[in-house]
Protein chains: 2
Amino acid sequence: MELYAERGFEQTTVAEIAKRAGLTERTFFRHYADKREVLFGGSHVLEDLVVGTVRDAPEGTAPIDAVAAGLDAAATGIFSDLRDFARRRQAIITAHQDLRERELIKLASLSSALADTLRGRGVSEPAASLAAEAGTAVFKVAFERWVGDGETRDLAAVIKGSLAELRSVAAGE
Amino acid sequence: MELYAERGFEQTTVAEIAKRAGLTERTFFRHYADKREVLFGGSHVLEDLVVGTVRDAPEGTAPIDAVAAGLDAAATGIFSDLRDFARRRQAIITAHQDLRERELIKLASLSSALADTLRGRGVSEPAASLAAEAGTAVFKVAFERWVGDGETRDLAAVIKGSLAELRSVAAGE
DNA sequence: AAAGGCGATGTCAGTTACTGACATCAACCG
DNA sequence: CGGTTGATGTCAGTAACTGACATCGCCTTT
């Protein structure tokens, strides 16, 4: 991340990363599938926490509420102390299409895992997929706001507000 | 697309594509930014139609309804005769992560353009972004169903049904 | 018709991400 | 002490992409 921030993602070669890490280029590729993946090692932690929370939600919880509980758990359990880090990381990601693509597929993976989990709780299609997609959409919009300027609330609060807004929007207001 | 279907995306080299097209590799890259972009030339057509429809929606239309009108226009105006083509194309895309990523960023671009358009119509944030994300989520889920097996309705009908389902889900049912 | 400009294409050389095959080496295990 | 195993290094190769320059056909202008 240091190097990506210093000279930009495209201008950083894997050879340079490996050198600063005291490793070989070949070893780098044994740890990371590609140059982009370096910035996304934490995505499975997010996915596990969100999915686990949804899975353990009380029976009878509405799908969208279960998803909301999962997102809230992630906001308070992972991101609460990481705003500065998230901002630095996000500045790098948004500057390069390749990284934006990778971020999107991580979110899509989260959405897919959420839909699987909801189906495991007896939610049928397409409700499961739509609840999962709606939840990740809320997370995406809220996260962008949270790392942006002029937002003082913590992530959990922004998510809560965005979910309420989605409810209004979906109701046709 | 022929070559990607025959031997797979990764196993197809740009040299082979250029040869079959009777061109040089260098010329290929003058027409397409990269190997993946070949399959996404139509995405700006989709975006233009959806955005244009939203822009021209009657004043006072609720954001989600304007977006729904845009998606409906795309379904009837672009995809109605392209189901077979869409299926062949989608089979290639879903088989390769690189292509899935590219597809996601095209959808994200649509969502972003939609949000801009809604803001142009006076919708404030985060309602504009959420309506746009919700709309593209509906499109994504509906499109997947439409190209999948056992779906006989046309795309417009699937979108309509998915949107209704999203409304239920968002309402907490 | 000649001249000149311009857009599309070809040619060529170079960089760099990524991969497979094999060697090495250190820790651990029986 | 010999052997196994997992992580790393070495090396050579492929293919995506890029920049610089040449060429060529078409169109305009004189």
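Every chain is numbered from 1 and lettered A, B, ... according to where its sequence line falls, protein lines coming before strand lines. Hydrogens, waters and symmetry mates play no part in the numbers below; they use all other heavy atoms, side chains included.
Between B:H31 and C:dT9 there is a side-chain polar atom (N or O) within less than 4.0 angstrom of OP1 or OP2.
With rounding to whole Å, A:Y32 atom OH is found 15 Å from D:dA7 atom C1'.
With sequence neighbours excluded, the residues satisfying ring pair (Phe, Tyr, Trp, His ring centres under 6.0 Å) with B:Y32 are B:F28. When the side-chain hydrogen bond (donor to acceptor under 3.5 Å, both in side chains) test is applied to A:K160, no partner is found at least two apart in sequence or on another chain. The ring pair (Phe, Tyr, Trp, His ring centres under 6.0 Å) check on B:F9 picks up B:Y4, B:H96, with sequence neighbours excluded.
Residues A:E144 and A:Q90 bring no donor and acceptor atom of their side chains to less than 3.5 Å of each other. A donor-acceptor contact closer than 3.5 angstrom links the side chains of A:E125 and A:S129.
Of the residues in residues 89-103 of chain A, none lies under 4.0 Å from DNA chain C by heavy-atom distance.
Taking the charged nitrogens against the carboxylate oxygens, B:R102 and B:D34 do have a contact shorter than 4.0 Å, which makes a salt bridge. With respect to the salt-bridge test (charged N to carboxylate O, under 4.0 angstrom), the residues B:E37 and B:K106 qualify.
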Sugar-phosphate atoms are those with a prime plus P, OP1 and OP2; base atoms are the rest. Using that split, label each nucleotide of nucleotides 10-24 of chain D B, S or - for protein heavy atoms under 4.0 Å, 5' to 3'.
B-----SBBBB----
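Contacts classified as ring pair (Phe, Tyr, Trp, His ring centres under 6.0 Å) and involving residues 151-173 of chain B (residues at least two apart or in different chains) are not found.
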